[in-house]
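Below is one structure; the comments refer to it alone.
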Amino acid sequence: MTEITHWADVVAEEATTKNKKNVISTGITPSGHIHIGNMREVLTADAVYCALKNKGEEPDFFYIADNYDPLRKVYPFLKEEDYAQHVGKPISEIPCPCGQHKSYADHFLEPFIAAMETLGIHPEVKRTDELYKAGKFVDAIKTALKNRDAIAKILEEVSGKEVQEDWSPFNPICEGCKRINSAKVTGFDEAEETVSYDCPACGTSGKVSMTGGGKLTWRVEWPAKWKILGVTAEPFGKDHASSGGSYDSGIRISREIFNNEPPLPIVYEWIMLGEKGAMSSSSGVVVSISDMLDVVPPEALRFLIMKTRPEKHIKFDPGQPLLNLVDEYERLRDKEEPSEFEKRIVSLSQSKDVKQSKIPFKQMVTIYQVAGGDLDKIDAIAKRSGFDEDPEIINLMAHNVGLWLDKYAPSFAKFGVKDTVPVQAASLTNTQRAFLKAFADELLAADKELGPEDIQRIVYETKEPASPISKKMEEYAGGEIPAEEIDTKNFFSAIYTALLGQPSGPKAGWFLTSFDNSFLVVRFKEAAEYRP
RNA sequence: GGGCCCAUAGCUCAGUCAGGCAGAGCGACUGGCUUUUAACCAGUCGGCCUAGGGUUCAAAUCCCUAUGGGCCCGCCA
């Protein structure tokens, strides 16, 4: 097979042949909960950024928070009476829903920035309101206003939509009602760097500065940002990519108005949530990124994005398939002789700032439930199972697993170790009772720590009449045990019944090593005597 | 109406840029570890690469067309 090049390296290759220095940019409007789909954008950008660095480049990586955009409407998660008055105002200028953040925008932005940290993504974060307020857009605003007609013509040609007579590439913030989407531009003064307007909504007329007095409309602002930041590559969702969409118009505005070459587009597909369809804030199909990071180890989430080409749909299902995803990642990470391509995916999934426990997620699912979620017990079990790790890292994964079990795990993956002998123990047969007693003796008699294989072996030795456990069973049963009852299935079942109150569970040897030996001895003896 | 993306094993997908033996993981099945349980190891099964045409010595790959699915063209990635 010919060597496969990872998509991020393909993009990086193309970028380096086109540009001497590359600037990756990405931007999201923090108008609502930022979800896992948005994370694809920054992770896609991060992949290309890493690939460029691996090629010896020194690229820049910006994350632009479009917090100067207006609040479009009162979203379902907002209170009508609180936010109706703020519709149309820039989200950087309206109050935070919880009162803990500087602004509405920061309320959603801050958790997202924290999530990027968790995932090992470190772009230079810029807020659009700060760029405007610092005057970075002044030149672009002047250029746009002077070329208003040419831009309007491009927009009409590209999008096929008629541009309104009173359209302007600049949206002033009305000083009367503070809205950014209602005032009509009536003129501008290039030397004074001001724009004058009439606001039909509140009747105000006035003059605002090009520095912080308003913003360019999206289709013009995007190419302006390319020029101002020198963007050479940018991932964006397919909504911008369609013909007549904002990338199309952006190309022409960039070249014809700003005299600047547009960035290399990296179009990515949407993440579908299970069977529910596309992730979308408005339809309510949404898993916020913090919800996701509560459950998925960061490297596994990176892995999901890295292994899939951007233009492919990703089906994300936080139930059983999530377990498989994490498992797949762990297997690949720990693979002895991975291919170059596999190594590449793993290395892009890792980040030096992100640590993930070596304990397989699946095993943690068992450990966690054995320990009943108690962190000290989990640490102890992990040690006993041979994982010598920083408790902090173990606890992080335990936290993930606990929430996963609580929120998404399918019922067959769940079990609970009963605090006392479960009532189901009443149904144990005499042979099973004899087995439990004999088994407890074996555990007690063990002169060393029993490993998973040892435990499995002891159970299977019941089939051998000469084995110590068989002899003890006969003793306890008070006579010879009928051959048809010597069935390991019976015995495993007894073990699960005594601990869980159900006839099956995680592979016994590995399951039992998660427990303290003396606890098992007591429990098995009790269960063997249990009569309601 | 205009456009974009996707379609490869039961499932999830690599492989398409740059044409050269049809691939991986999971699942299933079989076996191994003195051993039916959600661990481990080895192996097997599994595909008209959605369909039809074209280019080529050679096509999953490039070019047309069709079908199915997803989506965009009102500032939701």
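In what follows, chains are A, B, ... by sequence order, proteins preceding strands, each numbered from 1.
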Point to revise | B:G70 phosphate, OP1 or OP2, under 4.0 Å from A:Lys315 side-chain N/O | key: no

Check your understanding: So, is A:Asn38 near the phosphate of B:A77, with a side-chain N or O under 4.0 Å from OP1 or OP2?
Key -> yes

Study note, to complete from the structure: Between A:His240 and A:Val365, whichever has its closest RNA chain B nucleotide further toward 5' is A:Val365

Revision key, fill the gap. Nearest-nucleotide check on RNA chain B, A:Asp327 vs A:Phe236; residue mapping nearer the 5' end is A:Asp327

Check your understanding: Should we count NZ of A:Lys414 as having more than 12 external heavy atoms under 6.0 Å?
Key -> yes

Span that lies between the [atom1] atom of [M] and that of [N], in whole angstrom:
| N | M | atom1 | value |
| --- | --- | --- | --- |
| B:U61 | B:U50 | P | 9 Å |
| B:G68 | B:A51 | P | 15 Å |
| B:U44 | B:C62 | C1' | 36 Å |
| B:C49 | B:G31 | P | 33 Å |
| B:G43 | B:U56 | P | 44 Å |
| B:A22 | B:U12 | P | 24 Å |
| B:C26 | B:C41 | P | 10 Å |
| B:C11 | B:C75 | C1' | 38 Å |

Just the rounded figure in Å: distance from [atom2] of [N] to [atom1] of [X].
| X | N | atom1 | atom2 | value |
| --- | --- | --- | --- | --- |
| A:Glu330 | B:A39 | CD | P | 13 Å |
| A:Ile314 | B:G69 | CD1 | P | 23 Å |
| A:Phe303 | B:C26 | CZ | P | 11 Å |
| A:Trp7 | B:G15 | CH2 | C1' | 17 Å |
| A:Asp248 | B:C5 | CG | P | 12 Å |
| A:His6 | B:G15 | NE2 | P | 9 Å |

Of the nucleotides [options], which has the atom closest to the [X] side chain?
| X | options | value |
| --- | --- | --- |
| A:Thr217 | B:C26, B:C75, B:C13 | B:C75 |
| A:Lys362 | B:A24, B:A39, B:C5 | B:A39 |
| A:Arg72 | B:U16, B:A18, B:C75 | B:C75 |
| A:Arg309 | B:C73, B:A77, B:U16 | B:U16 |
| A:Val10 | B:C17, B:G15, B:A77 | B:C17 |
| A:Thr308 | B:A14, B:C17, B:A77 | B:A14 |
| A:Lys312 | B:A18, B:C13, B:A24 | B:C13 |
| A:His313 | B:G70, B:C75, B:C17 | B:G70 |
| A:Lys307 | B:A77, B:U12, B:A39 | B:U12 |
| A:Glu269 | B:A14, B:A77, B:G70 | B:G70 |

Review point. If a stem is a run of at least 3 consecutive Watson-Crick or G-U pairs, both distances under 3.5 Å, which stems include RNA chain B?
Key: B:1-7 with B:67-73, B:10-13 with B:23-26, B:28-32 with B:40-44, B:50-54 with B:62-66

May I ask you to decide whether [X] forms a salt bridge with [Y], counting only side-chain N to carboxylate O separations under 4.0 Å?
| X | Y | answer |
| --- | --- | --- |
| A:Lys215 | A:Asp129 | no |
| A:Glu340 | A:Lys343 | yes |
| A:Asp248 | A:Arg252 | no |

Looking only at the aromatic ring of each residue, does the gap between the centers of [Y] and [X] stay below 6.0 angstrom?
| X | Y | result |
| --- | --- | --- |
| A:Tyr83 | A:His86 | yes |
| A:Trp226 | A:Phe258 | no |
| A:Phe491 | A:Phe439 | no |
| A:Phe511 | A:Phe415 | yes |

Check your understanding: If every non-hydrogen atom of A:Leu155 is compared with every non-hydrogen atom of A:Ser249, which pair is closest and at what distance?
Key -> CD2-CB, 3.8 Å

Just checking [X]: base, sugar-phosphate only, or nothing, at a heavy-atom cut-off of under 4.0 Å?
| X | answer |
| --- | --- |
| A:Asn171 | base |
| A:Thr26 | nothing |
| A:Phe511 | nothing |

Check your understanding: Between A:Phe77 and A:Phe108, how do the two ring planes meet: parallel, tilted or perpendicular, split at 30° and 60°?
Key -> perpendicular

**Study point:** Parallel, tilted or perpendicular: ring planes of A:Tyr329 versus A:Phe303, cut at 30 and 60 degrees
**Key:** tilted

**Study point:** Side-chain (A:Arg302) to main-chain (A:Ala47) donor-acceptor, under 3.5 angstrom
**Key:** no

Practice item. Quick one, give me the B/S/- string for nucleotides 41-46 of chain B, reading 5' to 3', where B means a protein heavy atom under 4.0 Å from the base and S means that only happens at the primed atoms, P, OP1 or OP2. Key: ------

